[in-house]
Amino acid sequence: MADNPDSYGKKKAMSDVSPNEIRVLKYLQGRGDAIETEISIEGLGEREISSAISWLESKGLIDVSREERTEYSLTDEGQAFLDGGLPEEKAMKILMEGRTSVREVLDGLGMNDGKIALAQLAKLGIKPIGGVLHLPEKPLLRTLEERRRFLEKIRNGEKQLDAEMLEHFRKRENVIREKKRVIRHVRINPAGIHAMQANSGNVDMIGTLTPDIIQSGSWKYTSFQRYDMNSRVERILGAGIHPISYLSRMVRDIFLELGFTEMSGHYIEHAAWNMDALFIPQDHPARDMQDTFYIDSSTDMGIEHPEVLEIFRKVHEKGIRGYTGWGYKWSREKASELLLRTHTTVSTIRYLYEHREAPQAVFSVEKVFRHESVDWKHLAELHQIEGAYYGKDASLASLKWLMREFYRRLGFTQLRFIPSYYPYTEPSMDLIVTINGKEMELGGSGVFRPEVTEPLGLKHPVIAWGLGLERLAMIYFGLDDIREIYQSDIDWLRSYRVKI
Ligand code: PHE
C-alpha cells in the first residue's frame with residue numbers, strides 16, 4: 001500500500017482493535033448470526049456495542065447484513081383508547097343500556113369520539129335507521145375485545161401482530177404510529193477470528209483514562225489503546241452568528257469606539273414622539289395608513305412627558321421666533337395615535353429632550369416598521385443605524401466627516417452625499433455608496449431644524465442620521481436581493497463571507 005495520507009489512516013486503524021471490539025468479537029465467536037440489539041456483554045452499553053460493531057465492520061472483521069423492520073407504538077390517542085375504551089366500545093355500552101338513538105350516542109361520547117364511534121359501528125354493519133341504532137348479536141363484542149387486545153399488544157411492544165388488525169388500525173387515523181428501523185445482523189468472519197486471537201491481550205488495555213487509574217497508579221502496568229490521529233472525521237458544524245447580528249455588532253463597536261452612548265427605545269410609540277416632535281405636519285403623506293402601521297389599543301399607557309404636547313401644538317400652529325410653523329389646526333387626537341415606530345429618530349429626539357446638557361453623542365441599531373410592499377431592496381421590518389451628535393461644534397462638516405469615518409471603518413471608501421429632504425432637518429443629505437460599480441442608497445441625515453430643537457430646550461445644533469442596516473448587509477455580504485437576509489438559507493448562514 002502506498003504511503004499516502006489516505007491509506008495511512010486506514011492501515012493504522014486496521015492494525016488496532018480496541019478492547020470493546022475484542023469483547024464483541026469474543027461474544028460473536030462460535031455464535032453464528034447475532035442481532036445487534038440482542039447482544040449483551042457485561043460492562044458494555046447499547047451505544048458502545050453499536051459503535052464497536054460499526055468499527056469492526058469498517059475494519060472488515062465482521063460481516064453485517066441489514067434488515068428493515070417496522071415497529072409500532074401507540075399515539076396519545078391510542079393510549080387514551082386503551083385506558084378509557086375505544087369509542088365504538090363505549091358506544092356499544094350505551095346501546096346495551098337501551099339508549100339507542102344517534103343523539104344519545106353523540107351526547108354520551110361527545111362530538112369527536114361520537115363521530116368515530118358511529119363510523120366504526122357502520123363499518124361493522126350497525127347503521128342507523130331513522131336515527132336509531134339496532135343492537136347486533138354477540139360476535140361484535142368479540143371483535144371489539146380483539147381490537148382492545150391488539151392495542152395492548154402494541155403497547156407491550158410485542159412483535160407478532162395479527163395482519164388484519166394491523167391493517168385496520170393503520171387505516172384509522174392517529175391511533176398507532178409506525179416507525180421503520182434498520183436491524184443489523186452481525187457475524188464474525190475469518191479475519192475477525194484472526195484479529196481476535198492476535199489482539200486478545202488488548203482487552204486489558206486502557207481505552208478511557210479515569211481518575212481512578214491515575215490515582216491507583218495502575219496505568220504503569222498496562223498498555224493504552226492507540227488512537228489514530230490521522231483518521232478522517234466528520235466536520236462538526238457548531239452554532240454560528242446570524243449575518244445581521246454580526247454586522248450589527250460591528251456597527252455597534254464602531255460607534256462605541258468613537259465614544260457614542262447606546263440608547264434604546266420601543267416598538268410602539270405615540271405619533272406625538274414619532275412624528276410631531278420632529279415637526280412632521282399632521283397631514284404629511286408619511287403619516288398615511290399606506291406608510292405607517294397604526295395600532296388599535298384600549299390600553300394606552302399615556303404619552304411620555306405629556307408636557308411636550310402643548311409645545312408641539314404651538315410649534316406646528318405658530319412656529320417659533322423667526323419661523324412661521326405650518327399654520328394649521330393641530331390635533332391632540334392625531335398626536336395620541338399609537339403606531340409601530342417608523343424610524344428610530346424617535347429615540348434620538350426623546351433622548352435629547354431627556355439629556356439637554358451638551359455635548360451628547362448617542363446611537364442605536366434597532367428595528368423599525370413600514371407599511372411598504374416588499375421587494376428586492378425594501379423590507380417592511382428593518383433595522384436602522386440611528387445616531388446623533390449634539391454640541392457647539394456640530395455642523396454639516398462634522399456630519400460628513402462622521403459618516404465617512406463610520407463607513408471607512410467598515411471598509412467602504414466610495415461615499416457620496418446628495419441633497420435630500422426631511423421635515424426635521426435642514427440641510428438634509430442622503431448617503432450613497434458605490435460598490436463594484438453599483439450604487440446603493442443607505443439612508444438619510446441632516447442638521448435638526450430649529451423648530452425641532454429650540455422648543456425642547458436644546459441650545460446647540462444637532463446632527464443626526466438614520467441608515468439602513470439591511471441595505472448595508474446587502475453590499476457587505478454581496479447579496480442581490482435584500483429578502484435573502486431573512487430567508488434562512490442554511491448553506492448561506494453557514495458560509496457567508498464579507499464581500500468588501
Ligand atoms: N429618519 C429618517 C428615515 O427614516 C432618516 C434620518 C434620520 C434623516 C435623521 C435625517 C436625520 O429615513
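Quick caveat: nothing in here was measured; it's all calculated off a predicted structure. All ligand and atom numbering here is 1-based and tracks the order in the structure.
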Note to self: Taking the ring of Phe406 and the ring of Phe255, is the distance between their centroids below 6.0 Å?
What the structure shows: yes
I'd like a table of donor-acceptor pairs (distance under 3.5 Å, sequence neighbours excluded) in which one partner is a side-chain atom from residues 493-500, with atom names and distances.
{"residue": "Ser495", "atom": "OG", "partner": "Asp491", "partner atom": "O", "Å": "2.6"}
{"residue": "Tyr496", "atom": "OH", "partner": "Ile241", "partner atom": "O", "Å": "2.8"}
{"residue": "Arg497", "atom": "NH1", "partner": "Ser495", "partner atom": "O", "Å": "3.4"}

Margin query: Can you see whether Tyr353 has Arg356 sitting over its ring - NZ or CZ less than 6.0 Å from the centre and within 45° of the normal?
Written below: yes
Note to self: For Arg449, give me all partners under side chain to side chain donor-acceptor pair (under 3.5 Å), at least two apart in sequence or on another chain.
What the structure shows: Glu451
Margin query: Are Tyr351 and His355 an aromatic pair, judged by ring center distance below 6.0 Å?
Written below: yes
Under 3.5 Å, sequence neighbours excluded: what are the donor-acceptor pairs made by side chains of residues 273-280?
{"residue": "Trp273", "atom": "NE1", "partner": "Glu304", "partner atom": "O", "Å": "2.8"}
{"residue": "Asn274", "atom": "OD1", "partner": "Thr342", "partner atom": "N", "Å": "3.3"}
{"residue": "Asn274", "atom": "ND2", "partner": "Thr342", "partner atom": "OG1", "Å": "2.9"}
{"residue": "Asp276", "atom": "OD1", "partner": "Arg287", "partner atom": "NH1", "Å": "3.4"}
{"residue": "Asp276", "atom": "OD1", "partner": "Arg287", "partner atom": "NH2", "Å": "3.1"}
{"residue": "Asp276", "atom": "OD2", "partner": "Gln282", "partner atom": "NE2", "Å": "3.0"}
{"residue": "Asp276", "atom": "OD2", "partner": "Arg287", "partner atom": "NH2", "Å": "3.3"}
{"residue": "Asp276", "atom": "OD2", "partner": "Trp330", "partner atom": "NE1", "Å": "2.8"}

Report all N/O contacts between ligand 1 and the protein shorter than 3.5 Å as a table of atom names and distances to 0.1 Å; if there are none, say 'none'.
{"residue": "ligand 1", "atom": "1 (N)", "partner": "His343", "partner atom": "ND1", "Å": "3.1"}
{"residue": "ligand 1", "atom": "1 (N)", "partner": "Thr345", "partner atom": "OG1", "Å": "2.9"}
{"residue": "ligand 1", "atom": "1 (N)", "partner": "Tyr424", "partner atom": "OH", "Å": "2.8"}
{"residue": "ligand 1", "atom": "4 (O)", "partner": "Arg370", "partner atom": "NH2", "Å": "2.7"}
{"residue": "ligand 1", "atom": "4 (O)", "partner": "Gln384", "partner atom": "NE2", "Å": "3.1"}

